[in-house]
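Have a look at the structure below, then the notes.
Just so you know, these numbers come straight off a predicted model, no measurement behind them. Heavy atoms only: backbone and side chains are in, while hydrogens, waters and symmetry mates are out.
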Amino acid sequence: QVQVVESGGGLAQSGGSLRLSCVASGSMSGVYTTGWYRQSPGKQREWIAGISDGGTTNYANSVKGRFTISRGGAKNTVYLQLDNLKPEDTAVYYCNVAEITVSGTLVEEFWGQGTQVTVSS
């Protein structure tokens with residue numbers, strides 16, 4: 001019942017910036033946490049950032065200090081600000097919306113279709 005759509009990817013120069021958006025829609029009556037992942041060709045999908053329903057954020061070391069995850073003013077919208085981009089950031093970026101219990105256990109998760117980020121060098 002939940003649909004997730006990412007947008008905002010594109011081509012950027014090394015050191016440049018992009019802003020990705022994740023919009024969730026449908027029936028959302030529980031507690032949710034949102035995470036951003038990325039996957040490069042031939043590599044496993046990598047978790048890079050997450051934000052809890054209460055606004056707590058976490059980042060992978062590879063993007064810490066360069067990427068910022070936040071909740072937007074619009075309901076069910078999460079952003080990922082990508083600054084100081086590097087060629088190794090090139091990947092398809094995916095948004096994951098997960099319904100969790102009060103203890104943090106996964107109930108159900110939903111994935112977007114992904115948005116391509118390409119960083120030239």
Side-chain angles (χ1 to χ4, degrees):
Q1 295 85 354
V2 177
Q3 294 80 45
V4 178
V5 178
E6 307 98 332
S7 63
L11 178 64
Q13 296 180 353
S14 181
S17 298
L18 288 171
R19 188 173 181 84
L20 309 183
S21 298
C22 173
V23 179
S25 61
S27 180
M28 301 179 67
S29 60
V31 178
Y32 295 86
T33 183
T34 301
W36 282 95
Y37 296 71
R38 66 185 182 186
Q39 188 167 24
S40 299
K43 297 185 181 296
Q44 293 184 339
R45 190 167 297 186
E46 173 193 20
W47 173 86
I48 56 173
I51 185 168
S52 72
D53 193 58
T56 301
T57 60
N58 289 285
Y59 301 93
N61 289 333
S62 59
V63 305
K64 193 174 299 181
R66 299 188 299 117
F67 293 3
T68 305
I69 188 171
S70 63
R71 293 195 179 276
K75 187 177 181 180
N76 300 326
T77 301
V78 171
Y79 298 105
L80 184 68
Q81 178 70 37
L82 289 65
D83 293 320
N84 193 22
L85 284 163
K86 304 176 181 179
E88 52 262 44
D89 294 321
T90 296
V92 177
Y93 284 69
Y94 297 90
C95 181
N96 175 275
V97 177
E99 182 183 358
I100 59 174
T101 66
V102 293
S103 63
T105 302
L106 177 68
V107 176
E108 189 174 13
E109 62 183 355
F110 309 89
W111 291 94
Q113 83 291 342
T115 184
Q116 176 72 48
V117 170
T118 302
V119 183
S120 63
S121 178

The reported gap from CH2 in Trp47 to CG in Asn96 (rounded to nearest 0.5 angstrom) is 12.0 Å
Determine whether Met28 and Val4 fall in the same hydrophobic cluster, where Ile, Leu, Val, Met, Phe, Trp and Tyr are linked whenever their side-chain heavy atoms lie under 4.5 Å apart.
yes
dist Asp53:CG -> Thr33:OG1 (nearest 0.5 Å) comes out at 8.0 Å
In one Ile/Leu/Val/Met/Phe/Trp/Tyr side-chain cluster, 4.5 Å: Tyr93, Ile51:
yes
Q | Hydrophobic cluster membership, Leu85 vs Trp36, 4.5 Å side-chain cutoff | A | yes
All heavy atoms of Arg38 vs all of Ala91, minimum pair found to be CB-CB, 3.8 Å
Sorted by chain and residue number, the salt bridge (Lys or Arg N to Asp or Glu O under 4.0 Å) partners of Arg66 (sequence neighbours excluded) come out as Asp89
The side chain to side chain contact (heavy atoms under 4.5 Å, CB included) partner of Tyr32 among Val107, Ile100, Val97 is Val97
When rounded to the nearest 0.5 Å, the distance separating CG of Leu20 from OG of Ser7 is 8.0 Å
By side-chain contact (heavy atoms from CB on, under 4.5 Å), Gln116 pairs with (sequence neighbours left out) Thr90, Val92, Thr118
When rounded to the nearest 0.5 Å, the distance separating CZ of Arg71 from SG of Cys22 is 9.0 Å
By side-chain contact (heavy atoms from CB on, under 4.5 Å), Ser121 pairs with (sequence neighbours left out) Pro87
Contacts of Val5 meeting side-chain contact (heavy atoms from CB on, under 4.5 Å) (sequence neighbours excluded), chain-then-number -> Gln113
Value for OG (Ser27) from CD (Gln3), rounded to nearest 0.5 Å, stands at 10.0 Å
The side-chain contact (heavy atoms from CB on, under 4.5 Å) partners of Gln39 (sequence neighbours excluded) come to Arg45, Tyr94
Sequence neighbours excluded and cut-off under 3.5 Å, please list the side-chain donor-acceptor pairs for residues 56-64, or say none.
{"unit_1": "Tyr59", "atom_1": "OH", "unit_2": "Ile69", "atom_2": "N", "d": "2.9"}
{"unit_1": "Asn61", "atom_1": "OD1", "unit_2": "Lys64", "atom_2": "NZ", "d": "3.0"}
{"unit_1": "Ser62", "atom_1": "OG", "unit_2": "Glu46", "atom_2": "OE2", "d": "3.2"}

Interatomic distance, CG@Leu18 vs CZ@Phe67, rounded to 0.5 Å, equals 9.0 Å
### Query
Do Leu80 and Ile48 touch side chain to side chain, with heavy atoms closer than 4.5 Å?
yes
